[in-house]
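Comments concern the structure below.
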2 protein chains.
Amino acid sequence: MTVRADLNISLDGYATTTDQTPENPFGLDWGRLVDAYVSTRTFRERVLHDESGEGTTGVDDRYAQAYFAEVGAEIMGAGMFGLHNYPDDADWRGWWGDEPPFRVPVFVLTHSERPKIEMAGGTTFEFLSATPAEVLARAQDAAGGKDVRIGGGATVVRDFLKAGLIDQLHVAITPILLGRGIRLWEDLRELESGRTVTSEVAESGIIHVTFRRE
Amino acid sequence: MTVRADLNISLDGYATTTDQTPENPFGLDWGRLVDAYVSTRTFRERVLHDESGEGTTGVDDRYAQAYFAEVGAEIMGAGMFGLHNYPDDADWRGWWGDEPPFRVPVFVLTHSERPKIEMAGGTTFEFLSATPAEVLARAQDAAGGKDVRIGGGATVVRDFLKAGLIDQLHVAITPILLGRGIRLWEDLRELESGRTVTSEVAESGIIHVTFRRE
């Protein structure tokens with residue numbers, strides 16, 4: 001029952017881009033940041049419902065598989081669900097289509113209450129205003145003994161890291177410099193303390209760094 | 001005749017620590033940041049004049065060897081020479097003992113003029129106030145066809161990067177979070193543009209990332 005987080009960040013530590021527009025809701029930089037991840041076979045199958053078998057199958061795909069494996073519940077911020085972009089749309093059902101890739105209970109942190117949504121494939125979205133520890137307790141109850149993933153965005157992951165609630169943090173570092181956005185690495189001095197850090201470079205050039213609690 | 005820079009940085013991008021005291025002139029964090037580098041056989045031989053043959057000989061040592069190879073002149077900031085710590089000591093001759101590891105002409109950027117110093121082993125220290133392009137021209141004249149290294153600190157390297165004057169940047173990333181100091185990655189958006197980026201992980205866990213101009 002591990003609490004995990006996985007983020008794509010740039011070499012200068014930006015996990016969230018801030019150049020979003022209505023035409024490019026994820027921002028122009030986002031594509032460059034997650035290119036290797038969305039090119040994996042696992043992402044294509046799981047998120048895009050692409051059953052062609054295409055996509056990369058190397059180190060990046062191994063992490064993509066691990067991303068979805070053994071997760072029993074997910075926690076995300078309002079921004080990751082898209083509420084910041086569609087604050088007045090009561091019918092907004094998230095970015096991920098009718099059959100989202102999570103397939104587990106998802107808890108969305110927001111101050112604006114909404115009714116719970118049930119999606120195809122087993123994903124539910126439940127909205128609540130709570131501290132990291134409170135929502136984690138809810139998610140762990142829902143996870144049925146499996147892992148809980150803190151999905152993002154960067155600010156939410158940082159809040160959970162600062163509260164000492166994450167057992168395993170994996171960052172996929174794209175070797176580009178964005179120079180703007182939301183930095184994951186703020187106020188996290190000595191995160192490595194009490195953790196084992198391992199790194200490997202994928203065929204794509206992505207640097208995968210994992211912090212595991214000892 | 002490549003213009004090169006090599007820096008040790010933390011995972012959160014801090015290249016210079018700022019916890020220096022008179023008792024710990026490099027700061028307590030500095031030791032953790034450069035531990036793998038100072039453990040190499042090349043550093044021990046070249047900087048510490050340790051001829052015992054001890055020290056690591058893996059990937060980190062390969063970079064340490066490259067650090068000193070084919071360099072014909074060096075440029076550094078006043079802080080790297082130690083002038084910020086000893087501003088009133090007219091006899092200050094730098095951090096590196098009587099026989100510094102550079103063995104080439106070193107140009108120290110400072111607004112306070114000082115006479116040129118000649119050290120044992122071929123190192124000279126010359127002090128000047130100049131723009132990056134100006135001092136680079138001086139160093140290239142002195143380098144006799146060899147490479148020029150921009151030694152540091154982080155602010156000086158960043159100035160040369162922003163001026164487009166560095167052909168090859170190597171950062172040795174220690175997977176620790178310092179959370180304070182001077183960040184290399186500021187105002188360097190899209191540094192990777194027109195450059196090839198390669199990464200590898202050393203036995204020590206250090207992540208070596210190199211940007212080479214195409």
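Below, all heavy atoms of this structure are taken into account, side chains as well, without hydrogens, waters or symmetry copies. Just so we're on the same page: letters track the sequence lines, and every chain starts at 1.
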Among A:Pro175, A:Ser10, A:Gly179, residue most engaged with chain B (heavy-atom pairs, under 4.5 Å): A:Pro175
Verdict with reasoning, A:Glu186 to B:Leu177, per side chain to side chain contact (heavy atoms under 4.5 Å, CB included): CA-CA 9 Å; A:Glu186 298 285 357; B:Leu177 298 180; over 6 Å; no
Residues, nucleotides or ligands: over 12 heavy atoms within 6.0 Å of B:Asp141 CG: yes
Part of B:Ile176 lying under 4.5 Å from any heavy atom of chain A: both
A:Asp12 side chain reached by B:Leu184 side chain, heavy atoms, under 4.5 Å: no
Presence of salt bridge, A:Arg189 and B:Asp29, under 4.0 angstrom: yes
Chain A contact residues among residues 53-77 of chain B, heavy-atom distance under 4.5 Å: none
Top of B:Val209, B:Asp187, B:Ile9, B:Leu11 for chain A proximity - count of heavy-atom pairs under 4.5 angstrom: B:Leu11
Residue-level contacts of residues 191-206 of chain B with chain A, using a heavy-atom cutoff under 4.5 Å: B:Leu191, B:Glu192, B:Val197, B:Ser199, B:Glu200, B:Val201, B:Gly205
Inter-residue atom distance B:Leu188.CG - A:Leu178.CG, 0.5 Å rounding: 12.0 Å
Heavy-atom contact with chain A under 4.5 Å, split by part of B:Phe211: side chain
